[in-house]
Amino acid sequence: MRWSQFFIPTIKEVPADADVISHKLMYRAGLIRKLVSGFYTYLPMGLRVLSKIENIIRKEMNKKGALEILMPTLQPRELWETSGRWHTMGPEMMRLKNRQDRDFVLGPTHEEVITDLIAREINSYRQLPLNFYQIQTKFRDEIRPRFGVMRSREFIMKDAYSFDKDAEGAKKSYQDMVDAYQQIFQKCGCSALAVEADTGIMGGESSAEFMVPSDTGEEEMVCCEHCDYAANSEKAESHGLFDQTGDEGALEEVHTPNCTSVSDVSAFLKVQPSCLVKTLLYVHDTDKKVLVLVRGDRNIVEMKLIQYLHASDLRLADEKEIEEVFHAPVGFVGPQGIMGVRVIADMSVLGVVSGITGANKKDYHVKGLNLKRDVPSFEQAHLHQVLQGDPCPKCRKPLQIKKGIEVGHVFNLGTKYSKALGATFLDQAGQSQLAIMGCFGIGVSRTMAAIIEVNHDEQGIVWPVSVAPFEILLMPLDSDDKNMLKEAERIYTSLQEQGLQVLWDDRDERAGVKFKDAELIGIPYMIILGKKSMAKGLGELEIRRGHQKQDVPLDQIVERSRDLIGHAYRDLGFLDVPQVQGAL
RNA sequence: CGGGGCGUAGCGCAGCUUGGUAGCGCAUCUGCUUUGGGAGCAGAGGGCCGCAGGUUCGAAUCCUGUCGCCCCGACCA
């Protein structure tokens, strides 16, 4: 491709609304432009990158036997009523009506559609297993789109859905996808970590997220440096810590005027916050009350509580509700002597034999709380937030907390959707069975941003070859020099004949402009032709990453480039240089 | 949903406090010079100052409303 005939609108200045590096660089390098908040146009350079990521995904999916399909973006309300998600999804799902006043949703995901399809098409165990995938535009009306293409309202996603006849098959399908995902992200140049995760709105049994470690990530994960434990912080656990010591004693009221918070009480009584037991009253599924106990210096993760309760909604009780249960005002409540309310104790308070908590009386707390003695019956669960340094649940070594970008998510769905939508088949014994499902997503557009987050420097993007819009940039510096142009033309044709994707900067620009643009757009390899070295029969071959340069005789430069690029592909885990496909 | 900030030329901004009909840098166009790290000189084009009302002889500027964009936060007894 000749630069002058392509469209690469680079800009020097950063638009005021770009905040993170990938967003700034995508804008400046002419990959994307914004339409409105959360909606972006991919310009030719951006689209090439996207297509490359998609092709890497296709190849790995196909290797595992998944079959590509394409489902509608618009889906009828009825399907979502059937699965129950018309009501549980909330306002992030975009809904609209057609002229007959019929409700539709702009698909945020496709479990309903695919399961409906399978329910109609599959009758026998002989047809299973199946794994269908698509690469398609999804819509989620995010509260706050941000970081450019990283969290947008319209985005491109690869979603795959597996259907198995038994648990063993489902397990294999799941593992196949995990393996494929590792391959995909490695080949895209943004190796991802698989971490245990919450199933969220998808429902189902278990799930793992694929995270690219990066400080701009929105997700927090907990990982162990010593073993392979890694989990999303909404799911992470720590080893049963906090065996609280202290002398057992009788319950004793203490006067704590106006001390309504943990910090007030611990300061007033001159004890560590960890000596307190926080008593939280939650309301879930509209009117069910549950009392949660957690150590004073810890917070609970509401997501964990929702999971534990299988609740569809959850909120803290208001002052009135608290008064009704404890007959005491907010800030002075405790679990002792409370009857008729379900009590859940977090692991952090299980060992408490002399804790401090509210006395259920205004301006008073109690000392000497012994959980097992003073609370008639309680359940135990892991609800607290894991902090840096907490012991690993597997090996007890200190845990680390890191930020990451969620680029993929795999779910073991079980039979939630097959049951709701009637995806059954007859087994060998002629019995009707529910298909066991898995669903597997990759945020394609987000992956593009993640790749840039981990592959850039001061000057601009440093694309991994596998996803670079072009593999090599040909840069003759003097556009008036006939000889140089002739040589450039020769190299250009020759590179193309080698099957390489080459961008030829044929613009009549000064060298400085060309160099700056080249660094910005980040093509991984560059051939530079200058007057002086050409006179000696030499050209320069430069590697964008690290700016290593070498002089190479002109008659060898194409071959050397091809070798370098071949090595680069192999380093990323490819067996060979992929063939050019489609528009590329 | 709450809080904060911002809408002035394609992009980045100044001007607004103290009303008088708009300016700077980059980009664009023309010409000459320049040509291995975002060139120099000379000239040119381009803005209903987000939109709608109001105050005023007069509004980018003051007031009200509205739309859009960005950032932060999201309850812990």
Side-chain angles (χ1 to χ4, degrees), chain A residues 9-20 23-24 27-28 30 33-39 90-91 143-148 151 256 258-266 273 276-283 291-302 305 314-323 325-326 328-335 338 346 348 356-365 383-385 459-460 475-481 484 505 507-520 526 528-535 539-540 542 547 549:
Chain A
T10 58
I11 44 175
K12 281 193 263 188
E13 275 171 306
V14 194
D17 58 5
D19 199 39
V20 299
H23 188 193
K24 286 179 190 166
Y27 203 93
R28 290 221 295 132
R33 288 287 112 105
K34 184 171 76 176
L35 206 213
V36 288
S37 179
F39 295 85
I143 325 172
R144 182 144 84 90
R146 64 187 116 177
F147 304 157
R151 177 166 297 274
T256 51
N258 297 319
C259 295
T260 59
S261 70
V262 166
S263 53
D264 291 345
V265 177
S266 62
L276 310 212
V277 173
K278 275 199 285 200
T279 308
L280 307 166
L281 185 65
Y282 276 95
V283 180
L291 214 157
V292 175
L293 306 177
V294 62
R295 204 170 76 170
D297 61 337
R298 292 289 166 138
N299 291 332
I300 81 149
V301 178
E302 293 193 349
L305 184 55
L314 183 76
R315 64 176 172 85
L316 276 166
D318 60 31
E319 292 184 21
K320 213 180 117 210
E321 290 162 324
I322 288 172
E323 293 263 3
V325 171
F326 299 97
V330 174
F332 299 100
V333 304
I338 301 299
D346 174 62
S348 61
I356 296 168
T357 192
N360 294 326
K361 181 168 159 189
K362 183 165 164 48
D363 291 339
Y364 283 90
H365 280 74
L383 301 175
H384 69 264
Q385 184 188 11
Q459 288 83 38
M475 205 161 87
L477 294 177
D478 190 340
S479 36
D480 289 335
D481 185 327
M484 189 181 288
D505 189 350
R507 297 174 302 167
D508 183 13
E509 285 288 356
R510 302 170 67 81
V513 174
K514 292 189 174 191
F515 277 114
K516 292 290 180 193
D517 274 347
E519 278 154 356
L520 215 209
M526 249 184 280
I528 301 156
L529 299 180
K531 265 201 177 102
K532 282 180 204 158
S533 47
M534 263 196 66
E540 284 161 65
E542 179 172 346
H547 299 290
K549 266 187 206 183

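Naming: A, B, ... by sequence-line order, numbering from 1 per chain. Since we're looking at a predicted model, the values are computed, not measured.
- Of the candidates B:rC76, B:rC72, B:rG38, the closest approach to any side-chain atom of A:Y282 belongs to B:rC76.
- Relative to the side chain of A:I143, the nucleotides B:rC75, B:rC1, B:rA77 differ in distance, and B:rC1 lies closest.
- Computed from coordinates, the A:M475 CE to B:rG36 C1' distance equals 9 Å when rounded to whole Å.
- Test A:L280, A:V330, A:T279 against A:I322 for side chain to side chain contact (heavy atoms under 4.5 Å, CB included) and you get one pass: A:V330.
- The separation of B:rG47 from B:rG10, taken at their P atoms, amounts to 8 Å, rounded to a whole angstrom.
- A:T357 comes within contact range of no nucleotide atom at all, as no heavy-atom separation falls under 4.0 Å.
- Heavy atoms of A:E519 sit under 4.0 angstrom from at least one base atom.
- You'll find a donor-acceptor pair under 3.5 Å spanning the side chain of A:E540 and the base of B:rG36, going by distance alone.
- Inter-residue side-chain proximity for A:V292 and A:D346 is flagged as unmet; no heavy-atom pair is nearer than 4.5 Å.
- Rounded to an integer number of Å, the gap from A:R507 CZ to B:rG37 P is 16 Å.
- Mapping A:D508 and A:F326 onto RNA chain B via the closest heavy atom, the residue that lands nearer the 5' end is A:D508.
- What separates CD1 of A:I528 from C1' of B:rG37 is a distance of 11 Å, to the nearest Å.
- One atom, NZ of A:K516, and another, P of B:rG36, lie 16 Å apart when rounded to the nearest Å.
- Of the nucleotides present, B:rG12 is the one that pairs with B:rC24 by Watson-Crick or G-U wobble criteria, both distances under 3.5 Å.
- A close approach under 4.0 Å does occur between a side-chain nitrogen or oxygen of A:S37 and OP1 or OP2 of B:rC70.
- Ranked by how close their nearest RNA chain B nucleotide is to the 5' end, A:L477 and A:A317 are led by A:L477.
- Considering only side-chain atoms of A:K549, the nucleotide from B:rA77, B:rC71, B:rG37 that sits closest is B:rG37.
- Of the candidates B:rC76, B:rC72, B:rC69, the closest approach to any side-chain atom of A:D17 belongs to B:rC69.
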- Message: I'd like to know whether A:R28 forms a side chain to side chain contact (heavy atoms under 4.5 Å, CB included) with A:V14, so could you lay out the CA-CA distance, the side-chain angles of the two residues, the decisive distance to 0.1 Å, and finally the verdict.
- Response: CA-CA 7 Å; A:R28 290 221 295 132; A:V14 194; 4.2 Å; yes
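- A straight line from CD of A:E542 to P of B:rG37 spans 14 Å, rounded to a whole angstrom.
- Distance CG (A:D19) to C1' (B:rC69): 13 Å, rounded to an integer number of Å.
- Stacking of A:R33 on the aromatic ring of A:Y27 is recorded, both the 6.0 Å distance cut-off and the 45° axial limit being met.
- Across B:rG45 and B:rC29, the matching C1' atoms stand 7 Å from one another, rounded to whole Å.
- At a cut-off of 3.5 angstrom, counting only N and O atoms as typed in the model, there is a donor on one side and an acceptor on the other between the side-chain of A:D517 and the base of B:rG38.
- Side-chain contact between A:F332 and A:H365: present, with at least one pair of heavy atoms (C-beta onward) separated by less than 4.5 Å.
- Counting non-hydrogen atoms under 4.0 angstrom, A:E302 reaches a base of the nucleic acid.
- OP1 or OP2 of B:rA39 sits under 4.0 Å from a side-chain N or O of A:R510.
- The nucleotide whose nearest atom lies closest to any side-chain atom of A:V262 is, among B:rA77, B:rC72, B:rG36, B:rA77.
- The interatomic distance linking A:L316 (CG) with B:rC76 (P) rounds to 8 Å, in whole Å.
- Checking the phosphate oxygens (OP1, OP2) of B:rA27, a side-chain nitrogen or oxygen of A:K12 falls inside 4.0 Å.
- A:S533 comes within 4.0 angstrom of a nucleotide base, judged by non-hydrogen atoms across all strands.
- Residues A:R298 and A:Q385 fail the side-chain proximity criterion, which asks for heavy atoms closer than 4.5 Å.
- Considering only side-chain N and O atoms, A:R146 lies nowhere under 4.0 angstrom from the phosphate OP1 or OP2 of B:rC70.
- For the P atoms, the distance from B:rU56 to B:rA14 is 32 Å, rounded to whole Å.
- Nearest heavy-atom pair across A:L529 and A:M484 is O-SD, 3.6 Å.
- Within the model, atoms OG1 of A:T260 and NZ of A:K362 stand 9.0 Å from one another, a figure rounded to the nearest 0.5 Å.
- Rounded to an integer number of Å, the gap from A:R144 CZ to B:rC1 C1' is 13 Å.
- Contact annotation for A:G358: no contact, since no heavy-atom pair falls under 4.0 Å across all strands.
- For the C1' atom pair drawn from B:rC62 and B:rU18, the interatomic distance equals 11 Å after rounding to whole Å.
- With sequence neighbours excluded, no residue satisfies salt bridge (Lys or Arg N to Asp or Glu O under 4.0 Å) with A:E509.
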N/O to N/O distances under 3.5 Å, protein versus nucleotides 4-11 of chain B:
from, atom 1, to, atom 2, distance (Å)
B:rC11, O2, A:E13, OE1, 3.3

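- Considering every non-hydrogen atom in both A:E323 and A:P329, the closest pair reads OE2-CA, 3.7 Å.
- Contact check, A:K34 against B:rC70: a side-chain N or O comes under 4.0 Å of OP1 or OP2.
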